[in-house]
Every structure is written in structure tokens, then in C-alpha cells.
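Have a look at the structure below, then the notes.
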Amino acid sequence: MTTDNDNLRTRIQQAIQSQKRPTITVLSSLLAIQDSIGHIPEIAIEEVAVHSNTSINSVFGVASFYPNFRFTPPGEHSVEVCWGPTCHLKGATEILESVLEKLGLDSEGDTDDGKVSFRFNTCLGACSQAPVISVNHELYGNASPDIVPNLLVSLYEKENLHQ
Amino acid sequence: MSDKVNLTIDGVEIQAEPGSMIIQAAMDNEMYIPYLCYYPGMKPYGACRMCVVKAEAPTPDGSYRALPGSPASCTTPISEGMRVETNTGDLVGLRKGIMELLISEHPHGCLNCHRVELCGPTDVCLRHVSVNDRCVTCPKNERCELKDTVRYMEMELTTPLTYNNRHLPLEVKDPYWDMDMNLCIVCSRCVRACDEVRGDQAITLKDRSGRSIIGTAAGTSLLESGCEFCGACIDVCPTGAIVERDYKWDKAVQKVATTCPHCPVGCQLDLDVNKRNKVVRSIPNRQAEANMGMACFKGKFGLDFVNNKNKLKKPMVRKNSELEEVTWPEALDFVASKLENHKNGDYALIASARGTNEDNFAAQKFARRVMKSNNVNVSSNSRPKLVDSLQDLIGDDCASNKIWELLDSQVILLVSANITEEQNVASVPIKQAVAKGAKLIVIDQRETELTRYATKWIRPLINSEPVLIGGILRSIVDQSLEDHDFATEKCEGYDEFRNSLWDFDLVKVSAQTGISQEEIREMAQIFANTEASSILYGLETISDTHIDDTVKSLVNLSLITGNLGKNSGGIYPLFSGANQQGSRDVGCVPNLLPGHRPTASPGIDLTEISEACSSGAIKALHLIGDELFHNTANRSGFLDKIKATDLLIVHQSFASEVTDIADVVLPSALFTEKTGTYTNMEGRIHRLRPALGPVGDEDEDWRILSQIAARLGSDDLSYSSSHDVLIEIINEVETYKTLEPDSLDSQGHIRKPILNSSYVFSPIEFTQREEPSVDDQYPMVFAPGRVLFDADRDAGIVTENDLNTITRREIIEMNEEDAKKAGISEGDVIKILGEEFELTGNAHLNGLHSGMVATTTLFGTLIESLNNSTEPDPMAKIEGLRLCKVRVEKV
């Protein structure tokens with residue numbers, strides 16, 4: 001039981017220590033951990049505090065300030081819908097609604113089965129292809145609500161393939 | 001003074017300190033600008049925007065340039081010739097708008113209820129305002145800065161009964177206080193007080209923008225977040241968001257400024273007294289130079305014992321083996337008739353560590369003049385050697401510098417003292433100094449709270465501290481880091497002392513202490529290479545035989561680096577007991593008469609008194625005060641021994657194991673019922689003022705003694721008030737000559753130091769360290785520590801019988817070799833057994849010295865056990881963290 005925890009702690013310590021930058025800050029350490037583990041677990045807050053010689057509370061204050069840090073493990077797949085101005089004009093709202101409906105969510109968040117993490121994105125940088133949807137960081141341009149069911153189903157199928 | 005800055009605020013020309021902010025300049029000149037997030041003594045923050053002003057500053061061509069917009073006066077520094085407007089129509093409108101935003105998330109039924117002017121104190125409010133909004137449901141009602149500010153601005157609050165309620169649950173998990181974040185206006189004062197002022201960072205501002213709120217990391221309890229329960233956040237909170245839990249709703253009818261009776265810092269506290277004659281709150285005085293608005297868990301939450309109903313109210317005399325209540329004359333007659341037979345030296349008196357200078361002066365005079373005995377002591381004087389040599393070598397026996405000078409020390413050396421617990425407020429300037437860049441060296445086997453802040457934490461072998469300091473001294477000389485001019489011109493005996501150092505070969509020192517030569521050299525460099533280095537020592541883990549040597553070495557260290565008599569340098573002995581210094585000054589110790597005059601035939605020491613009782617050398621024992629066991633590890637043994645006396649007279653406020661065996665019990669007044677003075681560790685004399693009236697026939701100790709003396713035919717103690725006693729103290733004690741009793745305010749009065757014409761170096765000797773006293777049954781030495789926060793341990797809070805307790809996996813540190821011998825490996829569950837306790841935890845083998853085990857119980861656990869205590873005065877029974885002998889078993 002402690003081994004799982006110790007394992008995670010070791011991974012966190014490695015993430016903190018393997019940063020290649022001249023100044024290591026609370027923020028840079030948090031970013032390194034999120035890059036390596038995908039989220040900021042509670043013991044990561046402790047480790048960053050010990051490493052930066054500050055208190056867990058100060059670290060948590062920083063971590064909770066930025067919406068990009070997440071404290072729970074992300075879903076296995078990420079789905080992002082762009083709602084930047086171009087995508088919005090080209091019909092991102094319908095895509096959003098469709099995705100939310102299919103995933104059974106009200107807003108940004110993780111599905112109950114922990115498979116998918118869904119987020120809004122302010123710009124995916126592909127305005128010429130608007131509206132855009134990103135699945136596991138793969139972009140699908142000129143999207144319409146019709147392709148959403150297939151895309152999401154394919155996620156679950158890929159899952160089966162891996163198994 | 002000419003170096004002040006001239007400026008104009010609202011047409012009034014004022015002068016202010018350069019570098020101050022506009023709001024501070026206004027405050028210093030008794031002008032008010034509304035503010036909520038600003039707090040004197042903390043860095044400007046500029047969050048609430050209530051203090052906006054219009055300002056213009058002169059340009060070189062003589063015209064005025066307006067500062068853009070409406071700057072916040074708490075973040076705008078003053079400049080010469082500046083013109084500031086604080087109350088123009090625009091500003092008033094702007095402020096009102098800001099305030100409306102602020103209270104749109106704060107219940108404000110207390111402001112806009114139409115009955116707000118009409119309600120009497122006993123009216124029951126039933127329907128005008130919804131329950132959450134009602135003025136009487138706010139613990140800070142009528143003590144609320146937010147409410148006062150709204151009223152000052154004369155706002156027309158037409159807002160209906162709706163506001164954006166955050167619907168956050170009330171947080172009641174923590175000891176001592178409740179947090180209702182629905183009342184928070186996110187001014188962040190508490191976060192800044194905890195971080196900037198106390199250096200703890202136990203709370204933080206979570207989340208961002210509209211959802212920002214005060215809390216701890218991931219919502220853990222304060223017990224786990226590193227809180228030291230000083231209550232600073234409560235004192236700065238402008239609303240009812242963070243409040244004390246005890247007497248939460250009680251209103252003060254009277255405020256009394258007095259001195260805290262718990263430790264030698266002598267914090268100045270304002271006590272709130274309610275209409276039922278109870279002390280309901282204590283708020284540290286922000287102007288007082290001893291504590292600068294700080295308090296600790298003891299001073300903030302540890303004063304409730306004065307309200308305890310089980311106080312002794314009547315004198316009692318043992319008749320036919322039962323204590324019976326009698327009248328004062330009867331009790332005093334009885335005491336006098338018995339004491340008559342003990343004027344031949346078989347009498348001893350132990351005065352109270354919480355006794356005032358007046359009480360303790362009367363006590364020593366009673367013992368010496370009336371009872372003809374030098375056996376007089378004070379219960380906190382358990383280690384007199386801590387200051388005896390200090391007095392011999394530098395003249396005075398108290399801290400050479402003021403507590404808050406530590407703030408500007410560049411290096412602070414702390415030798416074996418758990419200051420956060422014993423003299424808490426003195427740790428605040430240390431932490432602030434460290435935050436400013438000062439270096440802290442902690443020499444201690446135990447992990448204490450300050451080891452977390454330490455630049456260097458040195459754990460020498462037990463009892464090797466004097467040799468270690470000797471090694472540092474030698475290294476200073478070797479590296480030519482000494483202040484030669486100071487050492488030869490201002491001090492005596494330098495050459496002789498220097499010669500004595502040749503014995504301290506670093507190879508030998510290193511072998512003796514277990515500390516490497518490099519570390520010793522580095523410590524010497526750190527300590528000597530500064531403008532101002534100070535030394536604090538408690539020597540709590542050093543056996544009595546080594547205390548004297550250690551003190552001498554430390555004085556030498558301070559002298560050789562020229563740090564005595566220097567600002568922010570100096571040397572601070574750390575003893576316990578609120579009035580230990582005063583007791584020594586007024587001669588309530590066996591070896592000194594009032595005014596530090598040595599006596600020809602010193603009485604017996606506190607450590608010898610129990611033996612003297614059981615051997616029959618002492619036949620009559622007079623005990624004053626409840627905290628007798630302050631430093632007595634073995635209380636049952638002590639009680640058995642003093643039982644052997646023929647006459648045991650106790651002055652106490654509460655019934656205890658001691659009153660159970662006493663022949664006469666005289667009810668003694670508590671510190672809240674007394675007039676008198678305390679002298680703190682820096683020699684500052686503070687006043688005690690009565691906050692509560694007596695509930696029974698209890699009386700002040702000096703008066704009780706004076707009445708007994710009169711019955712014994714002596715007029716030596718014929719005083720009519722404590723003021724008379726103080727006048728006599730001033731006449732007899734040289735260092736108190738400058739004290740003017742009538743002008744004694746919360747700043748106190750620093751007593752005149754006793755100055756030697758020159759300081760004295762004392763040659764030191766390389767002594768083999770004494771092995772710690774262990775035996776076959778208990779072969780190991782246990783070093784308990786107490787810290788605030790330890791991330792390595794899983795903790796949980798269990799709620800049981802409506803009480804929260806914290807559970808945590810204990811980690812017991814051990815030496816690898818010792819563990820191997822006992823068949824223990826990393827992570828095993830082991831048990832340590834001492835004479836009076838046992839502790840179970842997981843073994844952690846981390847290179848501790850052989851023969852030792854160490855653990856860190858958490859400060860939070862201590863707070864928890866105090867919070868749940870049902871004893872009248874649990875504070876008096878906090879065990880110090882001393883080394884003790886144990887054995888280790890594998891479970």
C-alpha cells in the first residue's frame with residue numbers, strides 16, 4: 001500500500017529534479033510534475049513545498065490559482081472543442097452541445113467512467129479549418145455535429161484494440 | 001526632526017516618516033482614511049481599494065502633477081510637498097461603489113435592518129431579517145471593522161435582503177477557532193499575518209478571481225497545515241470570518257490591559273471581560289514593545305483557567321485528616337501557631353513562577369526575616385546555573401538585548417531550546433529575521449519547530465555541547481576571525497582564555513561531538529563573519545553538570561566576536577516562568593538577596609528540596625502557586641517526599657494533588673485578580689491589572705504573608721497595598737531605582753542593567769563529555785521533538801465524542817547499528833518505553849548517533865490535547881521536551 005505511494009513520490013521527485021532550467025520555482029516544479037504525471041497529486045504539493053523550502057499552503061495557493069493545473073488524474077482520452085470567435089461563428093456551439101450530450105456532461109470535466117476529460121479551448125490555432133475539435137491532441141477541421149458520435153465511439157474502440 | 005517629509009492631507013500640513021505610505025502618514029497624524037485590507041506592520045497590499053485618494057506631487061518647475069487615477073493610499077509612498085485629498089465627492093462615490101461590491105457577498109442584515117437602531121439587547125429577532133443575515137448570528141457583531149467602515153461612509157443601504165451567499169460550510173474541525181468563509185471579504189490580512197508576520201504560511205488564498213477564498217492546502221485541517229495556533233489571523237480579521245470558538249458570542253463590557261502569566265516574554269494583552277465577570281478573549285497589544293501585537297496559543301487560548309468554577313474560595317485547615325473550610329483569621333492563627341516552631345532553619349518556601357515581583361519580594365522577606373531561613377525559591381528556578389555564570393562574567397543576568405532586536409541580527413545561534421513552545425513570541429523576530437536573510441544555526445539533538453527554518457541544524461552527541469562551542473571558539477582563533485580590539489580593550493582575561501583554547505584540537509573536538517571539522521569551521525565562519533550575531537540558549541537537553549561550562553563558552557563566543565553591547569547582537573538566556581527574572585531581581589532565590597547581593601549562607605536548591613523534606617531537614621514547607629510541577633519530571637515521587645513534612649502550607653487557586661496532602665490550604669488570587677508587576681526576560685517591567693473581582697475569599701499572596709508575619713510578631717511585612725511593596729523593592733533593588741510606578745504603561749520599563757566595568761573571558765577546559773545516565777533497563781536516550789508540520793506522515797482527523805483528535809503515524813529515528821543489533825529494519829513497528837510513557841511508531845534509520853532514539857510529536861497534537869483538556873489550568877502542565885532514558889522493543 002505504501003509502495004504505490006512511494007512509487008508516485010519517487011516519480012514526483014524525479015520530475016522536480018530533472019528540470020533543466022537555471023531557476024527552479026514552485027511554478028516550474030508544478031508544471032514539470034503535471035507534464036510527467038498528468039496531474040498534481042496531494043503528495044506533489046508536499047514534495048514541491050519541501051523542495052522549495054516553503055509551506056504546502058503556499059504551493060497549493062499557486063497551484064489552485066491556475067486553472068490549467070488539475071488535482072485529479074485526467075481521463076484516458078482528452079477531447080477539446082474550440083470556442084474561439086471563428087469557431088463560434090462557424091457553429092462551435094452545436095458541436096459543443098453534441099459532445100456534452102454524448103459524454104453526459106454539463107460542462108468541462110471528466111466523464112463518470114474516467115475515460116474522457118473534456119475541455120473548452122479558446123483557440124486551437126486552426127481558424128481556417130473552423131470549427132475545430134481535438135481528440136487526443138489530434139485536430140479534426142471543418143467539423144460538424146454529425147462527426148461527433150463517430151469520433152467518440154472510435155475512442156472507446158481504440159481502447160478495446162489496445163486491450 | 002528635519003528628516004521628515006512634509007505633505008498636506010485634506011489641507012492640513014503634516015510631517016511623516018520618509019518612505020511611509022500615505023495611509024500610514026495619515027494614521028500617524030491621527031487622520032482616518034477608510035481601509036480594510038491594510039494593516040499596520042504588514043506590507044501594503046492594495047486589495048480592497050477602500051483607501052483610494054487623489055494625490056498630486058510637485059514637479060521641479062513648481063507646478064503640481066496629479067498622480068494618475070485614484071491611487072490606493074496604502075500602496076502610494078509619500079513625497080515632499082505632496083498634496084492629498086481623501087474625501088472629495090468623487091472619492092466618496094467611488095468608495096461607496098467599491099463597498100457595495102464588497103458587501104454584495106457579505107451578509108449585511110446587521111446594517112440595513114430597519115430595527116438596527118431600535119433593538120434592545122434582549123430583543124429576540126424573529127422575522128425582520130433572514131436567519132443567515134441576522135446581526136445576532138455574527139460573532140463579530142458590533143466588533144466588526146467592515147460594519148464600522150460602512151457606517152463611517154454613511155451609506156444608504158437600500159439593498160434588499162438578498163446577497164450572493166457563498167453557501168460554504170462552517171469549518172469547526174480545528175481546535176480553538178471557527179471559520180465561516182461566508183463572512184470573508186478576502187482582504188487577505190490573515191494570510192499575510194501568517195506569512196509575513198509569523199512566518200508560518202499555514203493558510204493561503206486558494207483559487208482565483210471570484211472564487212478566491214482563504215483556506216489550507218487541499219482543505220486539510222489547520223492541525224496538519226503547520227499552524228502554531230497563535231491566533232494572529234483572528235486578531236487581524238476585520239469581519240467575523242475567523243473567530244475564537246470559546247465565548248464566541250460574548251460581548252465585552254470591559255477591557256483590561258495586563259500581562260500574560262505564561263512565559264518570560266511578558267506579552268501585553270487586552271482582556272475582554274463580559275458582564276458575567278469572565279475573561280472571554282485576549283487580544284495582544286499592538287503597541288507593546290515586548291510582543292508587538294503578537295501572542296501565542298498560551299496567551300490567546302490558554303487563559304480560560306481564570307474562569308474555572310472550581311476555584312478555591314475559602315481557607316481550609318486539615319482537622320482529623322479532613323480539610324475543613326475555616327475563616328481567614330482561624331486559618332492564619334493556625335498557620336502562625338505552627339510556624340512559630342519552625343524558625344530554626346527547617347522551613348522552606350517555594351514561591352510561584354506566576355507570582356508578581358511584589359508577591360515574591362514579600363515571600364523572600366517572609367522566609368528570611370520572619371522565618372530566619374534562606375530556603376526560599378521560586379518554582380521556575382529549576383536551573384539557576386543558566387544565568388549564574390552570565391552574571392559573573394558580564395554583570396547582568398538577563399538578556400543583554402531586547403527581544404525584537406533579533407529582527408536585525410544577521411546570525412542567530414540557538415542552543416538547545418524549543419523556543420516556539422516555551423517562549424513563543426520570541427521566535428517571531430527570529431523567523432522574520434530568517435525571512436529577511438539572516439542565518440539561523442540550531443544546535444539541538446531534538447527536532448523542534450525552528451529546525452525547519454535553520455540554515456544549519458547541528459546534532460552533537462549528548463552533553464558534548466560545551467566541547468562543540470569550544471571547538472567553534474578555537475576555529476575562530478585559528479581562522480583569525482576574532483574581534484581583537486574588542487577582546488583586548490573591552491574585556492579582561494583574553495590571553496589566558498586564548499591559551500586555554502589550545503586543548504581544543506579540532507580532531508579531538510570532532511571525535512568528542514560527532515560533528516565534522518568542516519562543519520565546525522563553517523559555523524565559526526558564519527557566526528564570526530557578521531556585523532551582529534546573537535546567541536539564545538535554553539540548554540534544555542544538557543545535564544546540569546555541563547550547563548555552567550556551556551554558558552561560559554557561549555559568553556566567550558559572544559565576547560570574542562565583539563557581539564556584546566552591540567545592537568542586535570548579545571546573548572539571551574531562555575528560562576521558563578513568567579516572572580523568573582523578577583524573582584531573581586527581588587531575591588526570591590536561595591543564593592541572592594534583593595538586588596543581586598549574594599548571601600553568606602545560601603539556602604537549598606529546588607532540586608534538593610524534596611530530598612531535604614524526606615530526610616527531615618525541612619519540616620515545614622510553604623508552597624505558593626499552582627504550577628509547582630512546571631519542571632518536575634517525576635511528580636509522584638516528589639509528592640511522596642514532601643508528604644513527610646510536619647507542616648505543608650499551600651497557597652493555591654485550584655484543588656490539586658498537592659492540596660490533597662496539605663495541612664493548610666490558603667486560596668490564592670489569580671493573575672487576573674492581582675495588582676503588581678512582572679519582569680520579563682529582557683528586564684522589562686510590566687504591570688498586571690485586575691480584570692476580575694474575587695469570587696470568594698481568595699487573596700493576594702503578599703497580603704496573606706504579611707498577615708501571617710503580623711501574627712508571628714513581625715512588622716517587617718506591614719504593607720497596606722502592593723504599591724507599598726513595589727516602593728520598597730525600588731528602594732532595595734538597585735536595578736529598579738529608575739522605575740516610576742505611576743508611569744508604567746504597556747511599553748513597560750526596562751530595568752537598569754547591572755554593568756561590569758569590563759566583560760570577563762573565562763578560560764575553558766576540555767572535559768570528557770559525560771555519558772548520559774542510562775541503565776540496563778533503559779539503555780537508550782530519547783530526544784523528543786515537536787514541530788508544526790511534517791509532510792512525510794499521513795494524518796487523519798477522528799471525531800469522537802464531539803472532539804476532534806488527530807491521528808498520525810509516528811516515525812522513530814534510530815541509528816543503523818543499534819537497529820541491526822536489535823533486529824529492527826526500516827519501517828518496522830517499534831515501541832519505545834520510558835519510565836512514565838510509551839510510544840509506538842515506524843522505525844526510520846537515518847544516521848542518528850548511536851545510543852539515541854528520536855521522534856517528533858507534532859505541535860498540533862499538543863494543541864489538540866490542550867483544547868480538549870478538562871483541567872482548570874492545562875497550560876501549567878505542559879511537559880517540556882527533555883532527554884530521557886528509554887528502551888526500544890520490536891512489536
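Note on naming: letters A, B, ... go to the chains in the order of the sequence lines (proteins, then strands), and numbering restarts at 1 for each one. All of these numbers come straight from a predicted model, not from anything done at the bench.
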Check whether any side-chain heavy atom of B/Arg208 lies under 4.5 Å from a side-chain heavy atom of A/Pro67, and answer yes or no.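 They are in side-chain contact.
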
Chain A heavy atoms under 4.5 Å from B/Asp200: which part of the residue, side chain, backbone, both or neither?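 B/Asp200 touches chain A through backbone heavy atoms alone.
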
For the [atom1] atom on [X], are there more than 12 heavy atoms of other groups (residues, nucleotides or ligands in this structure) within a distance under 6.0 Å?
X	atom1	result
B/Lys436	NZ	yes
B/Lys439	NZ	no
A/Asp112	CG	no

So, does [X] use its side chain to make a donor-acceptor pair with the main chain of [Y] at under 3.5 Å?
X	Y	answer
B/Asp207	A/Phe65	no
A/Asn57	B/Gly215	no
A/Ser55	B/Gln201	yes

Least distance between heavy atoms, A/Gly61 atom then B/Thr204 atom: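 Minimum heavy-atom contact is CA-OG1, 3.6 Å.
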
Can you give me every donor-acceptor pair (side chain of residues 84-106 of chain A, partner residue at least two apart or in another chain, under 3.5 Å) with its distance?
none

With sequence neighbours excluded, tell me which residues meet side chain to side chain donor-acceptor pair (under 3.5 Å) with B/Glu813.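 With sequence neighbours excluded, B/Glu813 shows a side chain to side chain donor-acceptor pair (under 3.5 Å) to B/Arg459, B/Asn846, given in chain and number order.
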
